[in-house]
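What follows is one structure encoded as structure tokens, with my remarks underneath.
Numbered from 1 within each chain, the chains take letters A, B, ... in sequence-line order.
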2 protein chains.
Amino acid sequence: MEQMSRNLAFQLKKIRQQRHLSLDDVAKATGVSKAQLAQIEKGEANPTVSTIWKIAAGMRMSFSSLLQPPTAHYMRYSSKDVPHVDEDEGRYRVYSIIPYNPERGWEFYKVEMEPGAVSRSEAHTEGVEETVMVIKGQAIISAGDMHELLDEGDTLVFSGHQPHEYRNTSEGLTIFHLILQYK
Amino acid sequence: MEQMSRNLAFQLKKIRQQRHLSLDDVAKATGVSKAQLAQIEKGEANPTVSTIWKIAAGMRMSFSSLLQPPTAHYMRYSSKDVPHVDEDEGRYRVYSIIPYNPERGWEFYKVEMEPGAVSRSEAHTEGVEETVMVIKGQAIISAGDMHELLDEGDTLVFSGHQPHEYRNTSEGLTIFHLILQYK
DNA sequence: TACATATGTCTGATAAAATAAACAATAGAA
DNA sequence: TTCTATTGTTTATTTTATCAGACATATGTA
């Protein structure tokens, strides 16, 4: 994604002008060509790890500080372009509200289930934690020997490391929010 | 440097076989070609940030965990191939023992000064901390209004944010170790 | 055994990252 | 003003990262 490029662009430009260095100075210090540095600072580049390494080493910075996102920053996710996936012949619909992002570590879904609809999930890898918040309707969440009936407003947090199941036990549509948190 | 490639290779391979996935699986999950993934796992690749992003996102990992160096790991720096720089007509010699590494954040030098030799350094950027340990001889370290005379065995820590000076005040060769720590 | 599927490796083609050098724009000094 | 640095941008070229698909090697299944 061009998220990283933006971070890199911001941080590099910031410290370069904090230190009052020209592109030539940085090029000499890092061994990366001036043209490439200019591209990077404009966020129009997709550098390789070795290039980033050279910059970090030459500027005496850590990776984290070089790739850190700028503070005070926001992102809007429009409801218009939310991708969604159907299961159970369209009776179970999953909308990806906030897609996974390596900087964040979690993702956010909205789920709609028709009456009687069921969804089964395989065990996720190791340390995945699921948070379910029922917005409307009623559902039973099962995992191992856990069977919890959630009403409107109820929230459940559980480990997704074993197979689990969502079941709409109400007469109408059930809607809930779902957060998947990765370790 | 190929340091990052090694870390990436190690971590990717590790979690791939922890999750019992094939290269095809990972290719499908991340959108990175199988050939490229194979190269990366062998440490023979120099991927771009967008490729790393795709891997991190597809595998639901953070950058840090993907780029983390394997634990239990050592590195030997041989005295044979230590680069060095001379100043003051060869009477001030700096040997780079451990070069800067973005993962570590500091670098290590050995310095030799002939009798009467002087070295002046410009102010380093912001949060640079210098540590001087005199191994042999005697030196005066000055920075701002600080003037410290160090004898064999003495150690001085000071901020390198202003111009400073090393001066060998002994009759013989003075040797000291120098650590530069970056914020 | 033969067959099928799955898995990692290798190869050639293509897209793109990276460089070096030319260029234009700017600022400073004589 | 003119001349000379200095700075960032642009262009042309080389290098290489990436991909799709072919290949070889297993690993089961009938």
Side-chain angles (χ1 to χ4, degrees), chain A residues 1-61 63 66-67 70 100 102 122-123 125, chain B residues 1-61 63 66-67 70 100 102 122-123 125:
Chain A
M1 187 76 73
E2 79 288 335
Q3 178 107 5
M4 293 313 292
S5 309
R6 268 203 300 272
N7 296 352
L8 184 55
F10 179 88
Q11 297 295 347
L12 177 55
K13 186 160 210 167
K14 178 181 159 194
I15 100 130
R16 183 171 72 87
Q17 47 202 33
Q18 270 183 0
R19 297 184 188 177
H20 304 102
L21 301 175
S22 69
L23 287 177
D24 273 307
D25 295 334
V26 177
K28 190 140 53 73
T30 63
V32 175
S33 73
K34 159 166 91 152
Q36 182 67 354
L37 290 170
Q39 292 273 322
I40 290 171
E41 281 198 357
K42 282 190 271 185
E44 296 168 355
N46 180 20
T48 61
V49 291
S50 75
T51 297
I52 301 178
W53 179 275
K54 285 191 217 164
I55 295 175
M59 300 298 277
R60 303 285 125 114
M61 310 175 62
F63 264 76
L66 190 55
L67 296 179
Y100 180 82
E122 293 309 305
T125 60
Chain B
M1 187 75 73
E2 78 288 332
Q3 177 107 5
M4 291 316 290
S5 309
R6 268 203 301 272
N7 296 353
L8 184 56
F10 179 87
Q11 296 295 348
L12 178 55
K13 187 161 210 166
K14 178 181 161 194
I15 74 120
R16 183 172 72 86
Q17 46 204 33
Q18 270 183 359
R19 298 183 188 177
H20 305 102
L21 301 175
S22 69
L23 287 178
D24 274 308
D25 295 333
V26 177
K28 191 140 52 72
T30 62
V32 176
S33 73
K34 176 165 76 154
Q36 183 67 354
L37 290 170
Q39 292 272 321
I40 290 172
E41 281 198 357
K42 282 190 270 185
E44 296 168 355
N46 179 21
T48 61
V49 290
S50 75
T51 298
I52 301 179
W53 179 275
K54 285 191 218 163
I55 295 175
M59 301 297 279
R60 303 285 123 116
M61 309 176 62
F63 267 77
L66 190 55
L67 296 178
Y100 180 81
E122 292 311 304
T125 60

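A 4.5 Å side-chain heavy-atom check between Arg16(B) and Leu37(B) finds every atom pair outside the cut-off. Side-chain contact between Thr48(A) and Thr51(A): present, with at least one pair of heavy atoms (C-beta onward) separated by less than 4.5 Å. Annotation: side chain of Thr30(B) is in contact with side chain of Met59(B) (closest heavy-atom distance under 4.5 Å). When side chains are defined from C-beta on, Ser22(A) counts as touching Asp25(A), because their heavy atoms get closer than 4.5 Å. Side chains of Pro70(A) and Asn7(A) form a contact here, defined as non-hydrogen atoms less than 4.5 Å apart.
Of all heavy-atom pairs between Tyr100(B) and Met61(A), the closest is OH-O, 2.8 Å.
Less than 4.0 Å separates DNA chain D from at least one heavy atom of each of the following residues of residues 28-40 of chain A: Lys34(A), Ala35(A), Ala38(A).
A straight line from CG of Leu12(A) to P of dG8(D) spans 11 Å, rounded to a whole angstrom. Rounded to a whole Å, the CG atom of Leu23(A) is 15 Å from the P atom of dT6(D). To the nearest angstrom, C1' of dT7(C) lies 13 Å from NZ of Lys13(B). As a whole-Å value, the separation of Gln17(B) CD from dT7(C) P is 14 Å. Regarding Asn46(A), its CG atom lies at a distance of 16 Å from the C1' atom of dT15(D), rounded to whole Å. When rounded to the nearest whole Å, the span between NZ of Lys42(A) and P of dA17(C) equals 14 Å. In this entry the distance linking CZ of Arg19(A) with P of dT7(D) reads 17 Å, nearest Å. One interatomic measurement links the two molecules: CG of Asp24(A) to C1' of dA22(C), which rounds to 14 Å at whole-angstrom precision.
Within the 4.0 Å cut-off from OP1 or OP2 of dT7(D), not a single side-chain nitrogen or oxygen of Arg16(A) is found. Taking side-chain N and O atoms only, Thr51(A) has no distance below 4.0 Å to OP1 or OP2 of dA17(C). For the pair Thr48(B) and dA16(C), the criterion of a side-chain N or O lying under 4.0 Å from OP1 or OP2 is not met.
Base orientation for dA5(D): syn, the chi torsion being within 90° of 0.
In this structure, the separation between CD1 on Ile55(B) and CZ on Phe63(B) is 9.5 Å, given to the nearest 0.5 Å.
Each of dT9(C), dT7(C), dT19(C) was ranked by its minimum atom distance to the side chain of Ser22(B); first place goes to dT7(C).
When both distances must be under 3.5 Å, the Watson-Crick or G-U wobble mate of dT26(C) does not exist. With a cut-off of 3.5 Å on both Watson-Crick or G-U wobble distances, the partner of dA5(D) is given as none.
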